[in-house]
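Quick note: numbers below take in every heavy atom, side chains included, and nothing from hydrogens, waters or symmetry partners.
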Amino acid sequence: MKSLFILLLAATSSLWAAERPNILWITSEDNGKEWLGCYGNEQAKTPNLDSFAKRSVQFQNFFSNAPVCAVARSTILTGVYAPSQGSQHMRSRHAIPSNHKPYVSYLREAGYYCSNASKTDFNFIINDKAVWDECDGKAHYRNRAEGQPFFSIFNLTDSHESSLFPDRIAKNRENGHIPPTPRLSPEEVEVPPYLPDLPEIRSDYAVYSDTITHLDRKIGKILSELESQGLADDTIVFYFSDHGGILPRGKRYLKDTGVNVPLLVHVPEKWKALSPFTNGSVIEEKAAFIDLAPTLFSMLGIEIPEIMQGRAILGEKRKPAPEYVFLYADRFDEIYGMRRGLTDGRWKYIRRFTPHLPAAPYSYYQFGQDGWTAWKKAWQEGNLSEELSRIWEPNQEVEELFDTQSDPWEVKNLAQDPAFAEQLKTMREALAGQMAAIADTGIIPEPMFPELAKSQPIAAYAHSRIEEWPDLIELAFTATKRDETQLPLLIEKLASKDPLERYWASQGCLILGKKAAPAEEALRVLLADPSSANRVSAAQALVVMDKPAEAYELLLTELNKEGNEYAQQNVVNVLTQLDAHDRIPDEWVIKFSKKKKAGAYVKRLAEMLAEERGL
């Protein structure tokens with residue numbers, strides 16, 4: 001019986017191979033399009049990608065919906081926006097709805113051999129490797145059954161931000177991946193205007209240029225192998241990076257340096273009917289990661305599930321581009337924060353829902369790079385201009401509006417310019433509508449996920465309240481716009497029966513700071529709230545209002561409550577924001593730095609404090 005099944009599968013696969021193309025994805029990490037010669041970088045040395053671009057369709061406005069890997073990857077895998085399924089927090093592993101199936105499952109059902117070499121990290125509860133026919137460093141399309149069509153990914157990690165960590169630079173030089181002395185001298189480097197002109201920044205730029213050249217060589221080998229196997233005429237090839245980077249204010253930021261990534265698509269002559277574009281053309285049409293799964297299905301004749309929120313770029317089911325691409329950024333590693341954005345390829349709108357926080361750091365991991373460390377040190381020593389210091393300081397702009405056509409590095413915020421008031425209003429309303437339409441789970445603080453979700457995915461909870469979501473979105477917008485005329489509304493909402501309304505009302509008071517003094521009594525009531533997120537938010541607001549005594553007592557009590565790692569992580573964040581992490585007892589630091597089953601980021605925060613204190 002088993003032999004008969006294999007014969008039937010092989011016969012079916014041969015038939016499919018004649019009717020459907022193979023698909024090859026080559027992905028790289030942490031490099032925006034600005035690092036490649038084909039995208040206009042005259043200092044780049046990327047001959048293989050430049051050559052590939054000339055025989056491919058080159059997308060100018062392709063975006064990673066999130067500027068960090070696991071969140072972006074969860075969007076690709078399901079074709080659903082991460083905040084619409086509760087996977088927007090970095091390495092969170094929350095459950096998602098059961099009908100959010102990985103696109104790979106549909107491909108395998110259609111007879112495709114699916115290999116992944118070898119990045120997973122899909123950011124929700126799933127057996128990452130079991131999704132694939134083969135998933136490890138040796139996974140390859142050549143391991144498929146004879147005649148079977150394939151979908152194969154080669155994830156190249158060489159350009160990851162860690163390639164600029166000093167030990168990795170040394171190792172790459174030792175291995176011959178990059179030269180002992182950079183091809184570009186630091187003096188030749190063109191430092192973009194959003195960065196300080198520091199020796200470490202120049203050095204990182206020069207070294208990374210060599211890293212990209214090494215990446216380009218590896219991509220050339222993958223393309224050459226496809227040719228040598230006689231498969232190039234039957235295979236549609238995509239190349240893209242997982243998000244931007246690698247210099248500071250790239251990865252983890254909704255600026256184009258964080259989200260505008262290269263996309264090159266080569267459709268062989270045999271399959272040209274699947275593309276409306278001519279190879280060798282440069283396309284301005286907007287597209288994003290949310291579109292990749294529907295595009296695959298459209299090219300391969302697979303029905304696109306209604307749950308998918310993107311659109312097909314290629315194939316029979318191709319649809320026109322929407323007006324805007326939706327962007328999002330939430331907790332990265334240990335640090336909480338929430339931003340949302342829209343871009344139409346020219347205009348970029350970014351909204352901060354935690355504007356009381358600095359715009360750096362968004363993760364402590366980045367300080368493995370000399371450039372990040374040097375920028376922070378220069379700020380601490382007062383050696384920067386006001387513009388270049390701003391990123392490190394609290395109370396950021398609530399809204400940002402950029403014209404990326406006249407200001408490609410996004411350094412001139414037009415949000416306060418009356419001449420652009422209508423553009424600002426239009427995009428603000430569009431963002432609120434987008435967030436409401438998908439029941440954006442960013443409106444729910446992560447420590448509340450287990451409290452509200454109970455036994456269901458948090459997305460199911462949010463979608464069960466989707467008719468109420470526009471009002472919650474409106475409250476979040478109101479609470480975070482730093483408008484003291486809205487204080488009476490915030491005080492009213494502090495007594496709401498809805499924990500989410502109470503949360504955003506307390507956040508609004510926190511953002512207003514001392515101007516929220518009339519809310520003191522209502523905030524004190526919230527110290528006994530059933531939700532940890534609300535208790536902590538109220539306590540932080542009281543500290544900012546110079547009412548610290550019982551607030552600090554509550555925060556330290558919350559710190560010792562176990563069972564909800566996100567609640568603990570949130571408390572450490574708050575104490576750090578209040579410049580009060582020295583209040584965290586050594587006993588707690590020792591316990592959680594050595595505790596084997598502590599939440600990953602709680603443990604890392606404790607380890608950092610232990611190192612800082614010499615414990």
Side-chain angles (χ1 to χ4, degrees), residues 22-39 41 44-53 56 58-59 62 64 67-70 72-73 76-77 104 114-122 128-129 132 134-143 150-165 168-169 171-173 175-179 207-229 231-232 235-247 250-251 258 261-266 289 292:
N22 304 312
I23 306 291
L24 174 63
W25 278 7
I26 305 172
T27 69
S28 57
E29 297 194 328
D30 299 10
N31 59 296
K33 69 179 188 181
E34 69 273 13
W35 289 98
L36 306 182
C38 55
Y39 279 94
N41 187 333
K45 186 178 179 182
T46 51
N48 292 293
L49 282 169
D50 296 350
S51 174
F52 182 64
S56 302
Q58 178 174 322
F59 286 80
F62 184 63
S64 172
V68 74
C69 59
R73 206 170 285 118
I76 294 174
L77 194 69
V104 190
C114 297
S115 65
N116 177 11
S118 60
K119 200 70 177 280
T120 53
D121 204 9
F122 296 135
D128 292 355
K129 291 184 179 294
W132 306 86
E134 189 180 13
C135 181
D136 55 39
K138 297 180 180 179
H140 203 289
Y141 54 80
R142 62 173 171 253
N143 298 326
F150 66 80
F151 171 81
S152 191
I153 298 180
F154 290 94
N155 292 284
L156 304 179
T157 62
D158 306 80
S159 53
H160 186 263
E161 68 180 314
S162 58
S163 68
L164 286 183
F165 291 7
R168 186 66 63 85
I169 292 173
K171 186 175 182 180
N172 283 339
R173 284 174 172 159
N175 293 337
H177 295 164
I178 60 175
V207 171
Y208 196 64
S209 294
D210 289 334
T211 303
I212 290 294
T213 299
H214 170 62
L215 170 73
D216 181 78
R217 287 194 294 267
K218 294 187 75 170
I219 291 173
K221 289 179 181 178
I222 293 171
L223 295 173
S224 294
E225 182 179 26
L226 190 71
E227 290 276 0
S228 68
Q229 296 286 320
L231 294 167
T235 305
I236 297 173
V237 181
F238 288 63
Y239 162 70
F240 57 92
S241 64
D242 65 346
H243 48 72
I246 187 173
L247 297 180
K251 183 175 183 176
V261 299
L263 173 64
L264 306 175
V265 182
H266 175 74
F289 280 9
L292 287 173

Handout entry: Set of residues satisfying side chain to side chain donor-acceptor pair (under 3.5 Å) with respect to Tyr208, sequence neighbours excluded
Key = none

Exercise for the section: Quick one: list whatever passes side-chain contact (heavy atoms from CB on, under 4.5 Å) with Ser118, sequence neighbours left out. Expected result: none

Exercise for the section: Apply side-chain contact (heavy atoms from CB on, under 4.5 Å) to Pro179 and list each qualifying residue two or more places apart in sequence or on a separate chain. Expected result: Asp210

Completion exercise
Taken in chain and number order and not counting sequence neighbours, the residues that satisfy salt bridge (charged side-chain N to carboxylate O under 4.0 Å, His left out) with Asp242 are Arg73

Exercise for the section: Output yes when a side-chain donor or acceptor of Thr46 lies under 3.5 Å from a complementary backbone atom of Asp216, and no otherwise. Expected result: no

Handout entry: Any donor-acceptor pair under 3.5 Å from Asn22 side chain to Phe150 backbone
Key = yes

Problem - Side chain His243, main chain Gly258, donor-acceptor under 3.5 Å - result: no

Handout entry: Residues that Gln58 engages under side chain to side chain donor-acceptor pair (under 3.5 Å), provided they are two or more places apart
Key = Gln60

Practice task
Compare all side-chain heavy atoms of Leu77 with those of Val104 and state whether any distance is below 4.5 angstrom.
Solution key: yes

Practice task
Could you tell me which residues satisfy side-chain contact (heavy atoms from CB on, under 4.5 Å) with Ala139, sequence neighbours excluded, listed by chain and number?
Solution key: Ser115, Ala117, Glu134, Asp136

Handout entry: Which residues share a side chain to side chain donor-acceptor pair (under 3.5 Å) with Asn155, sequence neighbours left out
Key = Thr27, Asn116

Fill in the blank from the handout: Residue set satisfying ring pair (Phe, Tyr, Trp, His ring centres under 6.0 Å) with His177, at least two apart, ordered chain then number -> His214

Exercise for the section: Sequence neighbours left out, what passes ring pair (Phe, Tyr, Trp, His ring centres under 6.0 Å) with Phe240? Give chain and number order. Expected result: Trp25, Phe289

Handout entry: Set of side chain to side chain donor-acceptor pair (under 3.5 Å) partners for Thr213, sequence neighbours left out
Key = none

Problem - Sub-4.5 Å side-chain heavy-atom contact between Ser162 and Arg168 - result: yes

Practice task
Could you verify whether a donor N or O on one side chain and an acceptor N or O on the other, from Tyr141 and Thr235, lie under 3.5 Å apart?
Solution key: no

Exercise for the section: Might you work through the side chain to side chain contact (heavy atoms under 4.5 Å, CB included) test for Ile246 and Ser163, ending with a clear yes or no? Expected result: CA-CA 9 Å; Ile246 187 173; Ser163 68; 3.8 Å; yes

Practice task
Return the set of residues passing salt bridge (charged side-chain N to carboxylate O under 4.0 Å, His left out) with Arg142 (not counting sequence neighbours), or none when no residue passes.
Solution key: Glu225

Handout entry: side-chain contact (heavy atoms from CB on, under 4.5 Å) partners for Lys171, two or more places apart
Key = Asn175

Practice task
Verify side chain to side chain contact (heavy atoms under 4.5 Å, CB included) between Leu24 and Ser152, making sure each step is shown before the conclusion.
Solution key: CA-CA 5 Å; Leu24 174 63; Ser152 191; 4.2 Å; yes

Practice task
Answer yes if the ring centres of His266 and Tyr239 are under 6.0 angstrom apart, and no otherwise.
Solution key: no

Practice task
Step by step, work out the side chain to side chain contact (heavy atoms under 4.5 Å, CB included) result for Trp35 and Ser209.
Solution key: CA-CA 7 Å; Trp35 289 98; Ser209 294; 3.7 Å; yes

Handout entry: Leu264 side chain reached by Phe238 side chain, heavy atoms, under 4.5 Å
Key = no

